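Worksheet for the structure shown next.
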Amino acid sequence: MVVKLYGQVTAVCPQRVLLCFLEKEIEFEIVHVDLDTLEHKKPEHLLRQPFGQVPAIEDGDFKLFESRAIARYYATKYADQGTNLLGKSLEHRAIVDQWADVETHYFNVLAFPIVLNLLIKPRLGEESDVVLVKELKVKLEVVLDIYENRLASNRFLAGDEFTMADLTHMPAMGYLMRTDVNRMVKARVDMNRWWEEITARPAWKKLMKMAGC
């Protein structure tokens with residue numbers, strides 16, 4: 001059965017799920033939800049996602065929202081298909097979960113408002129908060145130093161293999177790299193090496209083609 005994903009292919013959170021689908025070789029159908037026209041705030045979409053965000057999925061009678069929960073669900077459901085995103089042992093899985101949590105609590109809380117102010121607001125003709133962006137970049141430097149230290153002795157965030165820990169960072173990182181934050185990443189040898197390797201993966205290339213990038 002083909003999974004229906006409701007969202008916009010250029011948006012970060014739907015991209016997280018789509019990247020999981022591509023890595024796991026799961027069949028899917030994208031039902032476009034136009035964010036520019038606030039389609040995600042309309043009553044029919046609120047039935048799928050009561051907070052008015054994207055993505056949401058329908059898999060037969062099963063429905064789910066929140067991109068990280070969706071990605072974990074499908075990585076578990078199809079554990080023996082495609083790329084193993086969860087880890088090969090209990091301990092490895094714990095490390096994968098640890099770095100996936102780092103993305104949520106330390107990386108994304110900085111990346112999202114930077115992307116919002118440097119890329120999204122200008123496109124919408126809105127004024128960016130330059131002072132906030134400057135403050136966020138200072139905080140991001142500290143986080144990226146921790147990533148650099150981790151990646152100095154590990155090929156990927158959770159060890160020697162690409163996992164959900166890496167995947168969950170990629171959509172927001174992709175947008176950050178379109179801003180002057182890319183200089184911060186390129187200045188860190190091991191983080192830049194990691195970024196170049198994970199973005200060379202076929203699934204990422206397919207996703208970028210779908211998004212028109």
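For this chain, numbers begin at 1 and follow the sequence in order. Scope of the values below: all heavy atoms of this structure, side chains included, with no hydrogens, waters or symmetry mates. Small disclaimer: the values here were computed from a predicted structure and weren't measured.
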Just to verify, what does [X] make a salt bridge (Lys or Arg N to Asp or Glu O under 4.0 Å) with, not counting sequence neighbours?
X: Lys137; value: Asp180
X: Glu196; value: none
X: Arg193; value: Asp190
X: Asp61; value: none

To the nearest 0.5 angstrom, please state how far the [atom1] atom of [X] sits from the [atom2] atom of [Y].
X: Arg150; Y: Leu144; atom1: CZ; atom2: CG; answer: 16.0 Å
X: Ile57; Y: Ile70; atom1: CD1; atom2: CD1; answer: 5.5 Å
X: Met164; Y: Leu85; atom1: CE; atom2: CG; answer: 5.0 Å
X: Lys4; Y: Ile30; atom1: NZ; atom2: CD1; answer: 13.5 Å
X: Ile95; Y: His92; atom1: CD1; atom2: NE2; answer: 6.5 Å
X: Cys20; Y: Leu5; atom1: SG; atom2: CG; answer: 11.0 Å

Single hit among Glu44, Glu58, His45, Glu29 for side-chain hydrogen bond (donor to acceptor under 3.5 Å, both in side chains) with Tyr6
Glu58
One pair to check against side-chain contact (heavy atoms from CB on, under 4.5 Å): Val3 and Tyr74. What are the steps and the verdict?
CA-CA 10 Å; Val3 182; Tyr74 282 101; 3.5 Å; yes
Sorted by chain and number, sequence neighbours left out, ring pair (Phe, Tyr, Trp, His ring centres under 6.0 Å) with Tyr106 holds for none
Show which side-chain atoms of residues 201-211 pair as donor or acceptor with protein atoms under 3.5 Å away, not counting sequence neighbours.
from: Arg201; atom 1: NE; to: Glu23; atom 2: OE2; distance (Å): 2.8
from: Arg201; atom 1: NH2; to: Glu23; atom 2: OE1; distance (Å): 3.0

Sequence neighbours excluded, which residues qualify as side-chain hydrogen bond (donor to acceptor under 3.5 Å, both in side chains) partners of [X]?
X: Glu141; answer: Arg188
X: Thr10; answer: Gln8
X: Thr104; answer: Arg68

Kindly work out whether a path of hydrophobic side-chain contacts (I/L/V/M/F/W/Y, heavy atoms less than 4.5 Å apart) joins [X] to [Y].
X: Tyr78; Y: Leu22; value: yes
X: Leu132; Y: Leu116; value: yes
X: Val109; Y: Ile146; value: yes
X: Val12; Y: Phe28; value: yes
X: Leu35; Y: Leu124; value: no

Side-chain cluster (under 4.5 Å, hydrophobic types only) that Phe65 belongs to, other residues
Phe51
Would you check if Arg16 and Glu103 make a side-chain contact, meaning some heavy-atom pair closer than 4.5 Å?
yes
Does some side-chain heavy atom of Val115 sit less than 4.5 Å from a side-chain heavy atom of Thr179?
no
Might you point out which heavy atoms bring [X] and [Y] nearest each other, and give the distance in Å?
X: Lys24; Y: Gln81; result: NZ-O, 2.7 Å
X: Ser67; Y: Cys13; result: CB-O, 3.3 Å
X: Ala165; Y: Ala158; result: CB-CB, 4.2 Å
X: Val181; Y: Leu176; result: CB-O, 3.8 Å
X: Leu86; Y: Val96; result: O-CG2, 3.7 Å
X: Asn108; Y: Ala172; result: OD1-CB, 4.3 Å

Checking side-chain contact (heavy atoms from CB on, under 4.5 Å) for the pair Thr163/Asn84: CA distance, chi angles, key distance, verdict?
CA-CA 7 Å; Thr163 65; Asn84 181 348; over 6 Å; no
For residues 75-95, which residue pairs pass the salt bridge (Lys or Arg N to Asp or Glu O under 4.0 Å) check, not counting sequence neighbours?
Asp59-Lys77, Lys88-Glu161
Without swapping roles, check the side chain of [X] against the backbone of [Y] for a donor-acceptor pair under 3.5 Å.
X: Asn117; Y: Pro113; answer: yes
X: Glu148; Y: Met191; answer: yes
X: Asn182; Y: Arg178; answer: no

Mark yes when over 12 heavy atoms from residues, nucleotides or ligands other than Phe112 sit less than 6.0 Å from its CZ; otherwise mark no.
no
Determine whether more than 12 heavy atoms belonging to other residues, nucleotides or ligands lie under 6.0 Å from atom NZ of Lys121.
yes
ring-ring contact (aromatic ring centres under 6.0 Å, His included) partners of residues 127-159, not counting sequence neighbours, each pair once
Trp99-Tyr147, Tyr147-His169
Should the pair Asp166-Arg155 be classified as a salt bridge under the 4.0 Å nitrogen-to-oxygen rule?
no
List the steps, then state whether side-chain contact (heavy atoms from CB on, under 4.5 Å) holds for Met173 with Trp195.
CA-CA 9 Å; Met173 270 288 293; Trp195 178 243; 3.4 Å; yes
Evaluate the criterion salt bridge (charged side-chain N to carboxylate O under 4.0 Å, His left out) for residue pair Asp34 and Lys42; output intermediate values, then yes/no.
CA-CA 11 Å; Asp34 196 313; Lys42 293 182 178 179; over 6 Å; no
Could you walk me through whether Val54 and Gln49 pass the side-chain contact (heavy atoms from CB on, under 4.5 Å) test, one step at a time?
CA-CA 7 Å; Val54 290; Gln49 217 291 10; over 6 Å; no
